[in-house]
*Asks:* 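Handing you a structure now.
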Amino acid sequence: MNRLFKMAWRNIWRNRRRTLITAASIFFAVFFAIVMRSIQLGTYGHMISQSIEKFSGYLQLQNPEYFDEPSLDNFIENSDDIIKKLNATEGVKVAVPRIETFVLASSGHQSKGVLVTGIDPEQEMFVSNPEHMLAKYKLTPEIVEKLLTETNLEKKQIELLKFNENKLYHDLDRLALDLGLNPSDFEQYHGLLNKYASYSGEYLSKNDDGILVSSRLATFLRSTVGDTIVLLGQGRYGATAAGLFPIRGIVRVPSPDLDNKLVYMSLSRAQIFLDMPDMLTSIAMNLDDNDDMFDIQASINSTLDKEKYVVKNWEEINPTLKQQIDGDDKSGQMFLGILYFIIFFGIFGTVMMMIAERKREFGVLVAIGMRKSKLAIILVFEMLMVGFIGTVSGMLAALPLVYSFYVNPFHITGEMAKMYEDMGFEAVMPTAPVEGYFAIQGFIILLMVIVACIIPLQRIRKMKVMNALRS
Amino acid sequence: MKVIEIDNLKKTYSESEVEVHAVNGVTLDIEEGEFTAIVGPSGSGKTTLLNMIGGLDIPTSGEVIIGGSNMNHLNGSELTDFRKNNIGFVFQAYNLIPVLTAKENTEFVMKLQGKSKVECEKRSKELLESVGLGERINARPNKMSGGQQQRVAVARALASKPKFVLADEPTANLDSKSTETLLDIMEKLNKEENITFVFSTHDARVVKKARRVITLEDGKILSDVRKNGGE
């Protein structure tokens with residue numbers, strides 16, 4: 001075998017240029033496939049993280065009727081026992097109580113339907129962590145003017161500054177990023193920003209009467225910290241729910257869709273507001289390993305009183321997101337399929353060319369006593385070597401890029417960012433961690449090489465020594 | 001002792017509606033240690049006859065028996081193994097494996113036979129030295145002259161210790177000096193080691209060296225002459 005391997009290795013370098021071109025085509029296919037797939041998977045992961053892990057939770061315990069009719073009438077009792085039981089379930093990282101309903105929010109002449117989420121402020125820190133989203137800076141017209149007149153921003157940065165006017169930020173790093181500035185160069189602006197852009201706001205306490213409002217919603221309602229807004233809706237069993245709520249803080253929610261409609265309220269205040277004493281609409285759960293979601297769901301469901309409770313997973317709760325991801329995933333896979341299809345013909349062409357060029361040599365080898373099966377092994381070795389060179393180099397080239405964007409996701413700015421946000425996505429382009437999809441590309445190339453060798457190997461099998469020697 | 005027995009061998013090609021009888025009823029025996037030249041004009045059937053003896057081509061009818069084995073009874077893989085163990089080939093265009101050195105080319109068939117590394121190295125060195133290429137064992141074919149390549153081809157043909165060597169126009173691409181050297185080597189191997197050689201050739205110098213000359217015409221044996229001493 002070693003001898004055949006050696007011959008194959010030497011053979012591939014007989015036509016150095018062809019080998020390099022074939023390996024290069026595989027290199028680029030693997031490189032682009034990995035980078036593209038990584039961005040796709042990273043984006044899905046990010047979307048799930050923002051919408052599921054940091055909001056709805058991977059699993060939710062609900063009243064069995066709530067899924068089909070998400071009304072406050074279909075409540076569950078707020079029992080410490082069940083929350084403790086869920087928290088103690090193997091694989092469940094945290095379980096937090098929630099009340100969720102839609103009401104009308106109004107401030108001045110502005111009104112809008114909003115999603116009120118009643119939370120336990122302390123426990124919620126382990127899921128959506130609203131405190132971490134509290135806006136601390138705002139690019140007010142005043143600070144924009146100061147930055148324009150008192151600093152030497154470049155033209156592009158001035159455009160970005162104007163584009164992001166009135167936006168809220170949790171930290172200065174993200175603000176720097178949106179302005180296209182390197183955070184280390186940005187330190188010179190800290191003084192101005194701390195003086196003119198600081199934004200006061202505080203998190204909710206256990207029995208707080210106030211609310212947190214998402215940043216886009218606050219902008220729409222033309223309200224800010226300290227203002228009071230009216231919430232008007234329907235409580236349990238059709239009771240009127242109305243109240244005035246002071247805004248304690250503004251939260252910048254990563255998901256633009258949620259950022260347009262979210263209001264956080266303390267659970268105790270929500271229970272009073274909606275006439276739901278000791279009641280919840282759901283218990284949201286995050287998991288230690290999301291791959292175990294279906295098993296954990298089944299396990300919890302099997303132990304519950306089916307009349308009173310059911311556990312739903314995020315794919316059932318948010319089918320739109322699931323379909324969106326699946327649809328995009330399919331189109332991405334189709335694109336990869338086309339890419340590999342093209343590369344397949346490159347490999348196939350190379351193998352066909354190799355056997356056409358060396359037909360006489362093959363004839364000689366068989367004439368002097370080499371079995372066709374060994375000849376076939378050499379040919380497969382040769383193609384696997386070319387495939388290996390292209391695949392491994394493609395993987396190695398993609399590795400630092402993928403890793404770098406995994407650690408520091410690419411933040412999209414400008415018009416493209418607006419487009420992303422209009423579509424409901426956060427304007428970032430993260431990559432997925434280096435995982436199995438890397439190996440899959442190698443496996444696909446291996447498979448392609450084997451498939452590309454089928455017809456040439458058949459030709460070798462059917463080769464007539466005399467015809468080969470005469471060629 | 002008979003090495004090759006050929007009985008009423010025929011090869012007919014049916015191209016369009018015309019049948020061409022490349023070999024038309026050849027019967028002959030070749031004894032161990034013979035130095036035989038098959039001669040004749042182009043199209044007389046020399047190469048076809050040689051190919052059928054070597055199991056590279058299948059006869060339309062008739063039999064080729066080598067060392068008691070009837071070639072007609074062997075399938076593809078068996079024929080390949082039979083050639084590997086019993087027949088040495090020297091081709092007109094040398095046909096060395098371009099990615100292997102002279103030594104590796106010579107060892108190639110021995111390794112296919114499953115011989116040990118030590119044995120392969122020892123015999124390939126001996127053979128290359130016997131064909132005057134002891135200094136060029138690590139040269140690849142593209143670094144050798146035509147004559148040198150053909151000498152490596154002879155060494156390769158002999159490496160597997162075959163019952164006989166078939167050489168199809170071995171001197172056709174060589175200059176006169178290389179031809180002379182090659183023929184001397186083959187004659188020496190024939191005389192000293194009793195190796196059987198069968199050539200197809202046009203070359204008068206080969207005919208001159210041969211101790212038996214079989215002349216073909218239109219696929220039939222026109223004459224079969226045994227000389228005494230070869231010169």
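Proteins come first, then strands; the chains are lettered A, B, ... in the order of their sequence lines, and each starts at number 1.
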*Asks:* If I compare all heavy atoms of A367(A) with all of F91(B), which pair ends up nearest, and what's the gap?
*Replies:* CB-CZ, 4.1 Å
*Asks:* Please state whether the side chain, the backbone, both or neither of P98(B) comes within less than 4.5 Å of a heavy atom of chain A.
*Replies:*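 Side chain of P98(B) only, per the 4.5 Å heavy-atom cut-off to chain A.
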*Asks:* Determine whether more than 12 heavy atoms belonging to other residues, nucleotides or ligands lie under 6.0 Å from atom CZ of F410(A).
*Replies:* no
*Asks:* Heavy-atom distances under 4.5 Å only: say whether R358(A) touches chain B with side chain, backbone, both or neither.
*Replies:*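 For R358(A), neither part sits under 4.5 Å from chain B.
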*Asks:* Please indicate whether I455(A) has more than 12 foreign heavy atoms, meaning atoms of other residues, nucleotides or ligands, lying under 6.0 Å from its CD1.
*Replies:* no
*Asks:* Quick one: of V364(A), I368(A), N11(A), V465(A), who has the most non-hydrogen atom pairs under 4.5 Å with chain B?
*Replies:* I368(A)
*Asks:* Determine whether more than 12 heavy atoms belonging to other residues, nucleotides or ligands lie under 6.0 Å from atom NZ of K220(B).
*Replies:*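 Open: at most 12 neighbouring heavy atoms sit under 6.0 Å from NZ of K220(B).
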*Asks:* Is any NZ, NE, NH1 or NH2 atom of the basic residue among K464(A) and D57(B) found under 4.0 Å from an Asp or Glu carboxylate oxygen of the other?
*Replies:* no
*Asks:* Please flag which part of K6(A) lies under 4.5 Å from any non-hydrogen atom of chain B: side chain, backbone, both or neither.
*Replies:* side chain
*Asks:* Chain A contacts: which residues in residues 68-80 of chain B have a non-hydrogen atom closer than 4.5 Å to it?
*Replies:* S77(B), T80(B)
*Asks:* Using the ring-ring contact (aromatic ring centres under 6.0 Å, His included) criterion, which residues pair with F164(B)? Sequence neighbours excluded.
*Replies:* none
*Asks:* Would you say that more than 12 heavy atoms from the other residues, nucleotides or ligands in this model lie under 6.0 Å from the OH of Y13(B), or not?
*Replies:* yes
*Asks:* Does the side-chain contact (heavy atoms from CB on, under 4.5 Å) test come out yes or no for M466(A) and I58(B), once each step is laid out?
*Replies:* CA-CA 10 Å; M466(A) 272 317 301; I58(B) 298 161; over 6 Å; no
*Asks:* Can you confirm whether more than 12 heavy atoms, excluding those of K125(B), are under 6.0 Å from its NZ atom?
*Replies:* no
*Asks:* Would you indicate whether the side-chain heavy atoms of M370(A) and V109(B) approach each other to under 4.5 Å?
*Replies:* no
*Asks:* Say you draw a straight line from OG1 of T47(B) to CG of L469(A); how long is it, rounded to the nearest 0.5 Å?
*Replies:*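 It is 11.0 Å, given to the nearest 0.5 Å.
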*Asks:* Provide the full list of salt bridge (Lys or Arg N to Asp or Glu O under 4.0 Å) pairs with a residue in residues 8-34 of chain A, sequence neighbours left out, each pair given once.
*Replies:* R10(A)-E104(B), R14(A)-E361(A), R18(A)-E357(A)
*Asks:* Is there a side-chain contact between V99(B) and W9(A) (heavy atoms, below 4.5 Å)?
*Replies:* no
*Asks:* Among all residues two or more places apart in sequence or in another chain, which pass the side chain to side chain contact (heavy atoms under 4.5 Å, CB included) test with D218(B)?
*Replies:* none
*Asks:* Taking all heavy atoms of R360(A) and all of A93(B), pick out the closest pair and write down the distance.
*Replies:* NH2-CB, 3.4 Å
*Asks:* Can you tell me which portion of R3(A) sits under 4.5 Å from chain B's heavy atoms? Options are side chain, backbone, both or neither.
*Replies:* side chain
*Asks:* Can you confirm whether K161(B) is buried at NZ, in the sense that more than 12 heavy atoms of other residues, nucleotides or ligands lie under 6.0 Å from that atom?
*Replies:* no
*Asks:* Which atoms of F82(B) are under 4.5 Å from chain A, going by heavy atoms: the side chain, the backbone, both sets, or neither?
*Replies:*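 Contact with chain A is absent: no heavy atom of F82(B) under 4.5 Å.
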*Asks:* Select one option (side chain, backbone, both, neither) describing which atoms of R470(A) are under 4.5 Å from chain B's heavy atoms.
*Replies:* side chain
*Asks:* Do M7(A) and I97(B) come within less than 4.5 Å of each other through their side chains, counting heavy atoms only?
*Replies:* yes
*Asks:* For residues K374(A) and L112(B), determine if any side-chain heavy atom of one lies less than 4.5 Å from a side-chain heavy atom of the other.
*Replies:*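 A side-chain contact under 4.5 Å exists here.
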